[in-house]
Number of protein chains: 2
Amino acid sequence: MTEQLAGGDLSRLRQLNALAVVHVLRGRPALTLTELSRDTGLSRPSTEDVVLQLQSQGWLEEVQPAPGVMGRPARRYRFRSDAGRVLGVDIGGHTIRVLAADLDGEVGHTVRVPVAITAGRAERLRAVDAAIAQCLSVAGLTGADIWATTVGTSGLVDAAGRVVLSVAFPEWTGVQLAQHVGRLVGGTVLVENDSRLAALAETWRGVARYAQHVVYLLAGLRTGTGLIIDGKLHRGFAQAAGEIGALPELGWIRAQEHLRSWTGAPAGTDPDDLAGYVFASAREGDRKAVAVVRRYAKELALGASALVLALDPQLVVLGGGFSRSADVLLEPLRREIEKRCVRIPEIVTSTLGDESVALGAVKLSLEHLQEHLFDVRTGVAAPVRPAR
Amino acid sequence: MTEQLAGGDLSRLRQLNALAVVHVLRGRPALTLTELSRDTGLSRPSTEDVVLQLQSQGWLEEVQPAPGVMGRPARRYRFRSDAGRVLGVDIGGHTIRVLAADLDGEVGHTVRVPVAITAGRAERLRAVDAAIAQCLSVAGLTGADIWATTVGTSGLVDAAGRVVLSVAFPEWTGVQLAQHVGRLVGGTVLVENDSRLAALAETWRGVARYAQHVVYLLAGLRTGTGLIIDGKLHRGFAQAAGEIGALPELGWIRAQEHLRSWTGAPAGTDPDDLAGYVFASAREGDRKAVAVVRRYAKELALGASALVLALDPQLVVLGGGFSRSADVLLEPLRREIEKRCVRIPEIVTSTLGDESVALGAVKLSLEHLQEHLFDVRTGVAAPVRPAR
DNA sequence: GTTACTAATTATGGAGACCTTCAAAAGTAA
DNA sequence: TTACTTTTGAAGGTCTCCATAATTAGTAAC
């Protein structure tokens, strides 16, 4: 049925209580023992015992007592969120982005390295290496300090961190990303599809906070999805979930072609920039542009509606490059979805911008650590990089 | 992040160990203390302590020692699965079906009561009452003995156990099923869509055992779906998940019309029986019938493919009345799905027959009890019907 | 500068639940 | 009847928690 929690001896109880203390303290400012005791439900003496143990392990640190209070000043303890670091890497078409964050998810350093959209596999991997190296350097870290890294890329990714299929960059197919990045950093290296990471970021620090079921639409030069089900990223049995766009009858391949068909842009405009012109013209009321946007919205809504009907999410999040043009895109999209669906979810625009993938990568790294360092089954492990 | 397990005092540990003992013992024959000690990881004396406590509570019962073994005969204990009962009710078009089962899910009594397909709300509810009363009677139980009941019905159901929308039986819309059935039995009454319950049954005792992600297709006079995601029934934010058939572009409304268009049946055949003739003719090689089946399979595959692409399940299960004709239906369905999907899941036929909905209802009742009686947060509650 | 007040810390005693170890008991097999 | 096997029961010890009381280190008032 549910995974069972094997009981055990007394030390198990201490594990659980240590876990409770860490849980209360994470992501919060320093607390006194009395406050901790109240929030964990433990008695004061027991709380002190647990805290002292966690401090000697290196998870907790005493900070200056708060000044100017009545009574004897209380010792205060904070969670040492700087005990370990994680990386989030976004391998985009034009940019490699690397985020370094602490165990609370506080992003300390951000590095962007441009890369030619035409760059082949080797050149792109070199840019990834450079970006990671630079990020470690400015953060004053070495690869050994990194406890977990997640790499976001377009395409289908298998469980071993290999890109199984990349439509956008054919040369990318087959690249062993986890293995490659693992040369540079310690700890586990996870590889995940970029749309999924963007979806995860939205539930963490975006518009989908606290939502349990979310359909995320990456609308841009490529179209993709990320599904959050029951608060967790849904990958499917073979990591192939969310590929609704592949259904010929709903075809997302066609969707952008509507935008490309637009003839109102200056001659010789890079097809990648064309979309921006269409949205701009639509914004100014150009009838033909509005019609093109509407057709695009309809195609997008077709796949989105299929997902909404299938999953009944609380929220649909519109993200990706085109979400900047939500002012002209969101309404037609909403109308088309309302036309087709039984129950209409809230439909909102992402606010995380182009950092969402890297942010989601950070979050996935943290979730990985959460499972291995602060798990109910094992209690709190020592504050060292977990074995790979 | 994850729901936290508040630590606590020593009694918490006892709770967890009692839970571990119950977990080991459930659904298994009687075990000796030594065996229990081995399987729970507890020491022998502690195991005995826990077992004695559970016995005095009424959860465990001592049985005759196994004869003819070396050494001193060991006491044996079994889980008292008969301490409480659950019901599973299937309100079908032609039949009301009620299953009574013990806490291990062992079905002890089955009652079927026919009801006219044309029966209105009141008449159908009377049949439900009669079926439940009869089941209780033959099982020698009263409503007070029932700890949980789940009712399966077609249509959309809300969290309060009301049928929000029933396409198949318009008069059924708005019926307060949980409230109605609650008059007859004690404990919680859950109401759930029949396709979902059938899906649940498949993961419990059907072909989908051990599969984490499953798309269940109810193919019959109505077409429906049940989604199992991460081993759990997926309902969606407003219990509206799985309604992919409502998408006009994939329309399952059309699907059965292909079967109805068949003209090879004797004049005056009940449209409900028509499908059987089509499948039979197709089985005998009738070209036109084969073509009709193929068109139906294609329509069904369209929605199924959308679900498969969206969720990437390990398994697609074909259930419902038409699954009896899987010999002519499964292959065309499989081909159409293979045409459209990126990764092809296993596609199999249900073997549970027309008891699947009621069986799934039993399972849902048990899962409800599991959460309330054997939860990690609270430990083992006393063996009495939980408060409603 | 002393005294009163406040709230945290430290110390003490006790209870519950677990473990290991060993002797006694209750069977079967020779 | 004796030897062997396995379970049972009892004893002693450890760990972790709790409640309570005494001590300490500050602020506030006089």
Side-chain angles (χ1 to χ4, degrees), chain A residues 5-22 24-25 30-57 60 62-78 376 378-380, chain B residues 5-22 24-25 30-57 60 62-78 376 378-380:
Chain A
L5 184 72
D9 63 2
L10 287 283
S11 63
R12 180 98 186 84
L13 197 54
R14 171 53 65 91
Q15 285 182 344
L16 291 175
N17 285 333
L19 211 52
V21 167
V22 167
V24 167
L25 217 40
L31 295 180
T32 70
L33 289 177
T34 309
E35 290 164 335
L36 267 172
S37 165
R38 169 172 41 76
D39 290 2
T40 56
L42 293 173
S43 71
R44 240 283 328 208
S46 299
T47 308
E48 180 166 6
D49 230 34
V50 173
V51 163
L52 257 37
Q53 181 183 309
L54 284 168
Q55 185 185 23
S56 77
Q57 278 184 37
L60 263 42
E62 194 174 343
V63 303
Q64 284 299 318
V69 292
M70 277 285 253
R72 178 171 175 171
R75 287 176 305 193
R76 295 191 305 159
Y77 295 88
R78 71 172 192 93
V376 179
T378 57
V380 222
Chain B
L5 183 74
D9 63 2
L10 288 277
S11 63
R12 179 97 186 85
L13 198 54
R14 170 53 64 92
Q15 285 183 343
L16 292 175
N17 286 332
L19 211 51
V21 166
V22 167
V24 166
L25 217 41
L31 295 180
T32 70
L33 289 176
T34 310
E35 289 164 336
L36 267 171
S37 165
R38 169 171 43 76
D39 289 2
T40 56
L42 294 173
S43 71
R44 240 258 5 185
S46 299
T47 308
E48 182 167 2
D49 231 32
V50 173
V51 163
L52 257 39
Q53 181 182 308
L54 285 169
Q55 186 185 23
S56 77
Q57 279 185 35
L60 263 42
E62 193 173 344
V63 302
Q64 285 299 318
V69 293
M70 276 284 255
R72 177 171 175 170
R75 286 177 305 194
R76 295 191 306 158
Y77 295 89
R78 72 172 192 93
V376 179
T378 57
V380 233

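Quantities reported herein were computed from a predicted structural model and do not represent experimental measurements. Every chain is numbered from 1, with letters handed out A, B, ... down the list of sequences.
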Any side-chain heavy-atom pair from B/L31 and B/L25 closer than 4.5 angstrom?
yes
Minimal non-hydrogen separation, A/V380 against A/Q15, with atom names:
CG2-O, 4.2 Å
Does any non-hydrogen side-chain atom of B/R44 lie less than 4.5 Å from one of B/T34?
yes
Taking the minimum atom-to-atom distance to the side chain of A/R75, which one of C/dT10, C/dC18, C/dA25 wins?
C/dT10
With nearest nucleotides of DNA chain C determined for A/M70 and A/L33 from heavy-atom distances, which residue corresponds to the more 5′ nucleotide?
A/M70
Please classify the nucleic acid contact of A/E48 as base, sugar-phosphate, or nothing, using heavy-atom distances under 4.0 Å.
base
Roughly how many Å is it from CD in A/Q15 to P in C/dC18, rounded to a whole number?
15 Å
Base, sugar-phosphate, or nothing: which does A/T34 touch, judged by heavy atoms less than 4.0 Å apart?
sugar-phosphate
Length of the line joining A/D49:CG and C/dT12:P, which is rounded to integer Å
15 Å
Output the rounded distance in Å from CZ (B/R14) to P (C/dA15).
17 Å
CG/A/L42 to CG/A/N17 distance, rounded to the nearest 0.5 angstrom?
4.5 Å
Between B/P45 and A/G71, whichever has its closest DNA chain D nucleotide further toward 5' is B/P45
From B/E35 atom CD to B/Y77 atom OH, the distance as rounded to the nearest 0.5 Å:
13.0 Å
Which of these nucleotides, C/dG16, C/dT10, C/dT20, is closest to any side-chain atom of A/R44?
C/dT10
On DNA chain D, check which nucleotide each of B/T32 and A/S43 is closest to and give me the residue with the more 5' one.
B/T32
Value rounded to 0.5 Å, distance of CG in A/L10 from CZ in A/R14:
10.0 Å
Both distances under 3.5 Å, Watson-Crick or G-U wobble: on that basis, could you give the dot-bracket string for DNA chain D, with [ ] for crossing pairs and | for other-strand partners?
||||||||||||||||||||||||||||||
Going through the checks in order, is the side-chain contact (heavy atoms from CB on, under 4.5 Å) test met by B/L36 and B/V50?
CA-CA 11 Å; B/L36 267 171; B/V50 173; over 6 Å; no
Kindly indicate, with the supporting measurements, whether the criterion side-chain contact (heavy atoms from CB on, under 4.5 Å) is fulfilled by A/D9 and A/R12.
CA-CA 6 Å; A/D9 63 2; A/R12 180 98 186 84; 4.3 Å; yes
Side chain of B/R72 (C-beta onward), nearest among C/dC18, C/dA25, C/dG27
C/dA25
C/dG27 C1' sits how many Å from B/Q64 CD, rounded?
15 Å
Quick one: how far along DNA chain D does chain A reach, first to last nucleotide 5' to 3', anything under 4.0 Å to a heavy atom?
D/dC15 to D/dA28
Check: B/R75 main-chain N/O paired with B/T32 side-chain donor or acceptor under 3.5 Å:
no
Would you say a side-chain N or O of B/S46 is under 4.0 Å from OP1 or OP2 of C/dC19?
yes
